[in-house]
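For reference, the structure discussed in these notes is given below.
First the proteins, then the strands, lettered A, B, ... as listed; each starts at 1. All values derive from a computational prediction rather than experimental measurement.
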2 protein chains.
Amino acid sequence: MMGMSAERKPSPSQPPGVVEPAGLEASTGYLLARVGSDSRRLWAHTLLEEDLTPHHYSALIALDQRGAMSQRQLSHLVGIDPRNAVPVIDQLQTRGLLARNPDLTDRRRNAVTLTETGRRLLTRLRHAAEDAQERLLTPLTTTERRSLHALLTKLFAAGGAVQ
Amino acid sequence: MMGMSAERKPSPSQPPGVVEPAGLEASTGYLLARVGSDSRRLWAHTLLEEDLTPHHYSALIALDQRGAMSQRQLSHLVGIDPRNAVPVIDQLQTRGLLARNPDLTDRRRNAVTLTETGRRLLTRLRHAAEDAQERLLTPLTTTERRSLHALLTKLFAAGGAVQ
DNA sequence: TATTGTTATACTCTATAACTATA
DNA sequence: TATAGTTATAGAGTATAACAATA
């Protein structure tokens with residue numbers, strides 16, 4: 001419908017003498033980027049019903065998990081630039097989902113916290129997230145899902161090394 | 001340096017009674033999207049030296065592998081919208097890397113083919129792609145890489161089912 | 001001097017709508 | 001009527017440069 005589509009060739013089975021150049025599916029990096037963007041697209045589409053973007057959701061999740069923190073900490077945790085976090089936090093604050101309080105130990109900082117409204121919305125969103133994830137991972141068995149999660153975690157944890 | 005960064009907690013080891021809400025790293029979909037975008041970023045950064053984007057590269061690869069095809073086929077194969085493929089193909093044509101020839105069986109279509117110049121450039125780019133991939137997958141063993149590739153292929157192949 | 005939050009800005013990627021020429 | 005290519009356009013995501021307040 002919208003996502004990915006390229007046909008696959010499970011077994012190359014080349015006629016002898018013909019060397020076909022490697023296709024896109026041969027690259028793990030390409031598959032990672034493409035499946036990853038599909039994952040994001042799927043989730044973004046679901047969040048549209050709540051008028052939120054994946055960045056909004058990630059920020060709410062991080063605040064729920066770690067409690068109050070500065071905007072820099074939050075941006076770093078969510079993986080976006082602090083500059084681009086400003087409008088994201090603005091919108092969440094306007095909707096009463098989080099609050100910016102003064103940090104008493106450092107007056108440059110805002111202590112960003114989740115509100116009760118934000119927490120309630122998050123509960124609803126978590127269910128939607130599980131549904132979306134279920135749809136995404138349908139082709140995999142439980143064991144395969146665990147394996148994929150472990151491998152991605154390994155890449156994610158080492159992330160700082162990339163570039 | 002720029003990519004991902006969130007700290008991990010290999011073992012949760014909660015104090016009894018405290019239930020910490022699940023964080024972002026608990027979601028396979030999130031990890032997929034984030035590691036995927038890092039993969040794309042890394043590759044895009046490498047391609048910048050040749051003044052190309054990942055889409056340009058994907059198009060060249062697909063043409064090299066499958067030969068002449070229409071713009072729609074090419075777009076579909078690469079996973080981008082035909083509308084957005086127009087400027088991509090324009091730029092590649094301007095640089096003499098591919099050619100748009102009339103399709104004799106259907107005058108609406110362009111038969112897009114790789115030029116010799118395009119093929120030569122591609123040879124160079126393939127090496128760069130291998131290097132980038134090596135950097136990306138450094139944290140994984142050979143077995144783990146094979147496993148990841150297989151899992152992603154499974155998700156990719158089933159892609160049409162998503163959404 | 002370095003850091004926190006901010007603004008303004010620009011560029012890429014992706015998506016919606018609508019046109020044209022062919023089939 | 002449906003399809004192939006195209007244009008214009010708008011939005012989200014990301015990145016560069018620079019600033020004020022504070023450490």
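Atom CG of residue A:Leu136 and atom CG of residue B:Leu155 lie 6.0 Å apart, to the nearest 0.5 angstrom. Put simply, NE2 on A:His149 and CG on B:Leu31 are 5.0 Å apart, with the number rounded to the nearest 0.5 Å.
With rounding to whole Å, B:Asp90 atom CG is found 15 Å from D:dA4 atom C1'. One interatomic measurement links the two molecules: CZ of B:Arg34 to P of D:dT14, which rounds to 10 Å at whole-angstrom precision. Between the CG atom of B:Asn110 and the P atom of C:dT20 there is a distance of 18 Å, rounded to whole Å. Atom pair A:Leu104:CG and D:dA23:P shows a separation of 11 Å (rounding to whole Å applied). For the pair A:Asn101 CG and C:dG5 P, the interatomic distance rounds to 13 Å; values are reported in whole Å. The nearest whole Å value for the distance from the CG atom in A:Asp81 to the C1' atom in D:dA18 is 14 Å. Residue B:His45 contributes atom NE2, which lies 14 Å from atom C1' of D:dT14 at whole-angstrom precision. Remark: C1' of D:dT6 and CZ of B:Arg107 are 18 Å apart, rounded to the nearest angstrom.
Across D:dT3, C:dT3, D:dG5, the shortest atom-to-atom separation from the side chain of A:Arg108 is found for C:dT3. Listed candidates were D:dG13, C:dT6, C:dC13. Nearest to the side chain of A:Arg40 is D:dG13. The side chain of B:His55 lies closest to C:dC13 when the candidates are C:dC13, D:dG5, D:dG13. For A:Arg41, whose side chain is taken as the heavy atoms from C-beta onward, the closest listed nucleotide among C:dA23, C:dA15, C:dT4 is C:dA15. Set against D:dG13, C:dT22, C:dC13, the side chain of A:Thr53 has D:dG13 as its closest nucleotide. When the nucleotides D:dA23, D:dT14, D:dG5 are ranked by their closest atom to the side chain of A:Asn84, D:dT14 comes out on top. Of the candidates D:dG13, D:dA4, D:dT16, the closest approach to any side-chain atom of A:Arg83 belongs to D:dT16.
Looking at B:His56 and B:Thr53, their side chains do bring a donor and an acceptor atom within 3.5 Å of each other.
Residue contacts shown for A:Pro87 are absent, as no nucleic acid heavy atom lies under 4.0 Å away. Heavy atoms of A:Ser37 sit nowhere under 4.0 angstrom from any nucleic acid atom. Contacts of A:Ser70 with the nucleic acid, taken as non-hydrogen atoms under 4.0 Å apart, involve only primed sugar atoms and P, OP1 or OP2.
Residue A:Gln73 places none of its side-chain N or O atoms closer than 4.0 Å to OP1 or OP2 of C:dT4. Within the structure, every side-chain polar atom (N or O) of B:Arg100 is placed at least 4.0 Å from both OP1 and OP2 of D:dA4.
Nearest approach of B:Thr117 to B:Gly96, heavy atoms of both residues: CB-O, 3.6 Å. Nearest heavy atom pair, residue B:Arg100 against residue B:Asn110, reads CD-ND2, 3.4 Å.
Between B:Arg124 and B:Glu50, the closest side-chain pair of non-hydrogen atoms falls below 4.5 Å.
No hydrogens or angles were tested; on distance alone, nothing pairs the side chain of A:Arg109 with the base of C:dT4 as donor and acceptor under 3.5 Å. Evaluation of atom-type donor-acceptor distances gives no pair under 3.5 Å for the side chain of A:Arg72 against the base of C:dT4.
Judged by closest nucleotide on DNA chain C, B:Ala44 is the one of B:Thr105 and B:Ala44 placed further toward the 5' end.
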